[in-house]
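What follows is a short report on a single structure.
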Amino acid sequence: MSKSSKYRFGTKAIHAGVEPDSATGAIMTPIYQTSTYVQSAPGQHRGYEYSRSQNPTRAALEKSIAALENAEFGFCFASGLAAIDAIIKTLKPGDEVVSTNDLYGGTYRIFTNIFKDFGIHFNFIGMQDAATIAQHITDKTKLIWVETPTNPMMNIIDIKAVSEIAKKRKVLLAVDNTFSTPYLQNPLELGADLVMHSITKYIGGHSDVIMGALATNDEQLAHRLKFIQNASGAVPGPQDCFLVLRGIKTLHLRMQRHCENGAAVANFLKSHPKVNKVFWPGFQTHPNHEIASGQMHDFGGMISFSLKENTKEAATEILKRFKLFTLAESLGGVESLSGHPATMTHASIPKAERDKIGLSDSLIRLSVGIEDIEDLIYDLKQALS
Ligand SMILES: *Cc1c(COP(=O)(O)O)cnc(C)c1O
């Protein structure tokens, strides 16, 4: 099942990349737990030489990811950050990257604390108004990095508008699609050159795997990424690939429920007297609601909110009281999670930078799971009471 597949999303989620095992007919792709493959004569093999380079379980997953993003090429990595690492390794010293200023803390950290020292320059800007991006592009700009919805402020960036600017200036556009998943948003269809996922989150979906992925239709870029994947070696193991293949089969069902529960939670919080502001792109009052409605199929299960009592202590009190919204890093699993960005996921972003984007000390981020909504609302009620 390839890019040209006529099948819809749910069918692709279940079937794409997965062929009955040629040796046994096993309907599920086996876990090929092997590092190497027998050659009948030097250089004579069946397409598999060494598992850093190729592994059949990983190959099935890479095909599945590519199909979900309507891409020709898919690559899996040992983590989302390893996938980002591979993208930045396509650049050279002196190159510039224009990046969203409100982004995953780990992405900010690898950009500023690792790749900056290799001579790559990162320019962090607000992108809610896509037109302002053009003025930050120079002759040296090689990549635009977009995350949308952004983490944790849930801002929306117009992928199509950014892609038009990127194309005009011959700059690559990469989109971190972790929050949306391919169920909600397909950046390549909107003009992006490259899409990145932390599979750890919704795609894996069961909080049991760390993994990342890239997908693209650009053959030259795919070649380079495949080279880096093998040469740098940050590949996932076959057991993890199997778990993700299993997770993907229910991605559409899980996402449907994440979206339903997310909407209910956002609306509950909005009318709560202790809540200052709810950040969720599904509200008509969200500044980029129109763009979100255009480029996303629904609004997802990620929600942030700030408190009227804008202190870390007030947020901590609520976080400690949650029974279902477990306090933990990460997101996108079947179970609901809560987090305090200022001290957890975004602690590596300096306070001055956090304040600039509105990431206040009382901000709480929720990853709304797929439990029964009545129980989730009850948990919020008791924690906020
Ligand atoms: C988690 C996350 C990453 C990093 O992925 P890992 O799998 O944790 O390495 C990147 N971007 C976003 C938006 C994330 O949520």
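Start at 1 and go down the list; that is how both ligands and their atoms are numbered. Every value quoted in this text rests on a predicted model; they were computed, and no experiment measured them.
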(request) Mark yes or no for whether Lys249, through its side chain, and Ile14, through its backbone, hold a donor-acceptor pair below 3.5 Å. (result) yes
(message) Could you check whether Asp361 and Thr311, counting side-chain N and O atoms only, form a donor-acceptor pair closer than 3.5 Å?
(response) no
(message) To check your reading of the model: name the closest protein heavy atom to atom 2 (C) of ligand 1, its residue, and the distance in Å.
(response) Lys201 NZ, 2.5 Å
(message) Could you identify the single nearest non-hydrogen protein atom to atom 6 (P) of ligand 1 and state the distance to 0.1 Å?
(response) Gly80 N, 3.3 Å
(message) Are more than 12 heavy atoms, taken from residues, nucleotides or ligands other than Asp139, located less than 6.0 Å from that residue's CG atom?
(response) no
(message) I'd like to know whether CD of Glu309 has more than 12 heavy-atom contacts from other residues, nucleotides or ligands below 6.0 angstrom.
(response) no
(message) Consider ring-ring contact (aromatic ring centres under 6.0 Å, His included). Of Phe299, Tyr183, Tyr202, which one does His258 pass it with?
(response) Tyr202
(request) Could you tell me whether Ile210 and ligand 1 have an N or O pair separated by under 3.5 Å? (result) no
(request) Pick one of side chain, backbone, both or neither for how Thr178 approaches ligand 1, counting any non-hydrogen atom pair under 4.0 Å. (result) side chain
(message) Please report whether ligand 1 has a polar contact with Leu331, defined as an N or O pair separated by less than 3.5 Å (distance criterion only).
(response) no
(request) Output yes when the distance from some N or O of ligand 1 to some N or O of Thr200 is under 3.5 Å, and no in every other case. (result) yes
(request) For atom 5 (O) of ligand 1, grab the closest protein heavy atom and report residue, atom and distance to one decimal in Å. (result) Ser198 OG, 3.0 Å
(request) Show which atoms of ligand 1 fall inside a sub-4.0 Å distance from at least one heavy-atom site of Ser79. (result) 7 (O), 9 (O)
(request) First locate atom CZ of Arg169, then atom CD1 of Ile133, and finally report the distance between them rounded to the nearest 0.5 Å. (result) 11.5 Å
(request) May I ask you to check if ligand 1 and Asp176 share an N or O to N or O distance below 3.5 Å? (result) yes
(request) Within a distance under 4.0 Å of any heavy atom of Met211, pick out the atoms of ligand 1 and give their elements. (result) 7 (O)
(request) Decide if atom CD of Gln135 counts as having more than 12 heavy atoms of other residues, nucleotides or ligands within a radius under 6.0 Å. (result) yes
(request) Count the heavy atoms belonging to other residues, nucleotides or ligands that lie under 6.0 Å from CD of Glu49, then report whether that count exceeds 12. (result) yes
(request) Would you mind running through ligand 1 and noting each atom that sits below 4.0 Å from a heavy atom of Glu147? (result) 13 (C)
(request) For atom 8 (O) of ligand 1, find the nearest protein heavy atom and state the residue, atom name and distance (0.1 Å precision). (result) Tyr104 OH, 3.9 Å
